[in-house]
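These values consider heavy atoms only, across backbone and side chains, with no hydrogens, waters or symmetry-generated copies. Reminder, nothing fancy here: chain letters follow the sequence lines and each chain counts from 1.
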2 protein chains.
Amino acid sequence: MSLTDTSKHSNCSAMSDVLSRIGDKWSVMVVGMLSRNGTLRFNELKRLINGVSQRMLTLTLRNLERDGLVSRTIYPEVPPRVEYSLTEMGKTLQEPINALWDWTAENHHSIIDARDIYDQRQTAVEAAEPRKIAYARGQ
Amino acid sequence: MSLTDTSKHSNCSAMSDVLSRIGDKWSVMVVGMLSRNGTLRFNELKRLINGVSQRMLTLTLRNLERDGLVSRTIYPEVPPRVEYSLTEMGKTLQEPINALWDWTAENHHSIIDARDIYDQRQTAVEAAEPRKIAYARGQ
DNA sequence: CCGTATCCGGGCAGATACTG
DNA sequence: CAGTATCTGCCCGGATACGG
């Protein structure tokens, strides 16, 4: 099945479903970090992923675990040690995510440029014609 | 640059930036529809994309246009006609998105299964040990 | 037909405090 | 160390009404 395969595009809800996880930036970061480093402890992940709160990291890891993408191993020690790594299915996610990562690397500058141009045109229009701005810029 | 390329992983903010657009389900749907059909009018898109509100479609299209991924052509007619299509850059997005789409098709069932198993375990634990549930199931 | 403006309710994320 | 619980604010997205 592919995007261009009109037949049997299931109900798209599958895509939405998965995307809501993939699209979550923390999820992608976690998968990225685990795919590079293999196995990481909670606080290692927290340090590596810039800006994530404890709460969000916990939630993200729980969801990934629930979806069978990340495995969680608790070592009954004091102090506690919990290690995270990708499951086999999680590893297969690397490839499509890598594709996205590469695309980003190649096109991010173009996007930035496109935005600048767009914004300049808009501010020009705005000056000439007050009101008529799409949802007052964002929202 | 790739996920496994530790050097020069820029600041990851680029990835977050692009992901917040890719991760948006409406954006993906729009790109998907345009990549299949080539060119579509506003209401054609609205009909094709199940459940999108007028507001969200407008906002999504504006953002995609601003990022240089979608081009918008207005025909000065009555009633007005506006056509959307992918730009060259937008077309290059097809490939990574397709990869994601394919991955979804292959793994969605496994994810559903994993969730069921996880949830069953959790309800069991819950019964035995009230309290101690990760953020009371979601949030 | 193709939008824009405005109101509004729910959910998501940060901050904080607390445990085994 | 690795979480959990709770409070709070605010952003996002739907619904609605209107306009060129």
Side-chain angles (χ1 to χ4, degrees), chain A residues 16 19-21 23-30 39-66 70-85 122 125-126 129-139, chain B residues 16 19-21 23-30 39-66 70-85 122 125-126 129-139:
Chain A
S16 299
L19 269 173
S20 64
R21 189 128 328 278
D24 177 39
K25 75 172 183 173
W26 298 133
S27 294
V28 174
M29 291 300 164
V30 167
T39 296
L40 291 169
R41 301 179 60 170
F42 185 85
N43 275 348
E44 287 176 331
L45 276 168
K46 188 163 178 341
R47 269 187 297 269
L48 283 169
I49 301 175
N50 211 301
V52 70
S53 68
Q54 193 166 28
R55 173 192 152 82
M56 278 303 101
L57 183 55
T58 301
L59 245 27
T60 302
L61 286 167
R62 285 296 174 284
N63 283 327
L64 289 172
E65 189 195 359
R66 187 170 101 103
V70 159
S71 69
R72 177 168 178 262
T73 314
I74 308 173
Y75 295 88
E77 307 171 355
V78 175
R81 178 161 57 107
V82 180
E83 288 186 346
Y84 294 92
S85 59
Q122 287 310 301
V125 170
E126 220 166 308
E129 201 174 338
R131 293 293 143 147
K132 201 69 176 195
I133 305 110
Y135 290 97
R137 192 76 102 221
Q139 182 82 212
Chain B
S16 298
L19 270 172
S20 64
R21 188 127 327 276
D24 177 40
K25 75 172 182 173
W26 298 134
S27 293
V28 175
M29 292 299 166
V30 167
T39 295
L40 291 169
R41 302 180 59 172
F42 185 85
N43 275 349
E44 287 176 330
L45 276 167
K46 188 162 177 345
R47 268 186 298 269
L48 283 170
I49 301 174
N50 211 300
V52 70
S53 68
Q54 195 166 25
R55 171 192 155 82
M56 277 302 101
L57 183 55
T58 302
L59 244 27
T60 302
L61 286 167
R62 285 296 172 284
N63 283 328
L64 289 172
E65 189 195 358
R66 186 169 104 102
V70 159
S71 69
R72 178 169 177 262
T73 314
I74 309 172
Y75 294 88
E77 306 172 357
V78 175
R81 178 161 57 106
V82 181
E83 288 186 346
Y84 295 91
S85 59
Q122 286 310 302
V125 171
E126 222 165 308
E129 201 174 340
R131 293 291 143 146
K132 200 72 177 189
I133 305 111
Y135 290 97
R137 193 76 104 219
Q139 181 79 210

*Roughly how many Å is it from CD1 in B/Ile49 to C1' in D/dG13, rounded to a whole number?*
15 Å

*Round to the nearest Å and state the distance from A/Asn63 atom CG to D/dG3 atom P.*
14 Å

*asked:* Side chains of B/Ser71 and B/Ser85: any donor to acceptor distance under 3.5 Å?
replied: yes

*Using a heavy-atom cut-off of under 4.0 Å over every strand shown, decide if B/Tyr75 touches base, sugar-phosphate, or nothing.*
nothing

*Are side-chain heavy atoms of A/Thr73 and A/Thr39 found at a separation under 4.5 Å?*
no

*May I have the distance from B/Leu40 (atom CG) to C/dC2 (atom P), rounded to whole angstrom?*
11 Å

_Classify A/Gln54 by what it touches in the nucleic acid, base, sugar-phosphate, or nothing, heavy-atom distance under 4.0 Å._
base

*Measure the distance from CE on A/Met56 to C1' on D/dT6 and round it to the nearest whole Å.*
14 Å

_I need the CZ-P distance between B/Arg81 and D/dG20, as an integer number of Å._
22 Å

*D/dG13, C/dG14, D/dT4: which one has an atom nearest the side-chain heavy atoms of A/Arg62?*
D/dT4

*Among the nucleotides D/dT4, C/dG3, D/dG3, which one has an atom lying closest to any side-chain atom of B/Tyr135?*
D/dT4

*Please check the phosphate of C/dG3 (OP1 and OP2 only) for any side-chain N or O of B/Tyr84 closer than 4.0 Å.*
yes

*May I ask you to verify if any side-chain N or O of B/Arg55 is less than 4.0 angstrom from the OP1 or OP2 atom of C/dA5?*
no

*Among D/dA2, D/dG14, C/dG14, which is the nearest nucleotide to the side chain of A/Phe42?*
D/dA2

*Measure the shortest side-chain to side-chain distance between A/Tyr84 and A/Arg41 over non-hydrogen atoms and say whether it is less than 4.5 angstrom.*
no

*Counting side-chain heavy atoms from CB outward, which of C/dC1, C/dC2, C/dG14 is closest to B/Pro79?*
C/dC1

*May I ask you to verify if any side-chain N or O of A/Arg41 is less than 4.0 angstrom from the OP1 or OP2 atom of D/dC1?*
no

*What nucleotide among C/dT4, C/dC2, D/dT4 has an atom nearest to a side-chain atom of B/Asn43?*
C/dC2

*Would you call B/Arg21 and B/Asn63 a side-chain contact if the rule is heavy atoms closer than 4.5 Å?*
yes

*Grab the CG-C1' distance between B/Leu57 and C/dG3 for me, whole Å please.*
10 Å

*asked:* Quick check on DNA chain C: between A/Pro80 and B/Pro80, whose nearest nucleotide comes earlier from the 5' end?
replied: B/Pro80

*Is there a side-chain contact between B/Leu61 and B/Phe42 (heavy atoms, below 4.5 Å)?*
yes

*Using a cut-off of strictly less than 4.0 Å, decide whether B/Ser53 has a side-chain nitrogen or oxygen near OP1 or OP2 of D/dG13.*
no

_Length of the CG-P vector between B/Asp24 and D/dC11, whole Å_ = 17 Å

*Specify the separation, in whole Å, of atom CD of A/Glu83 and atom C1' of D/dG3.*
16 Å

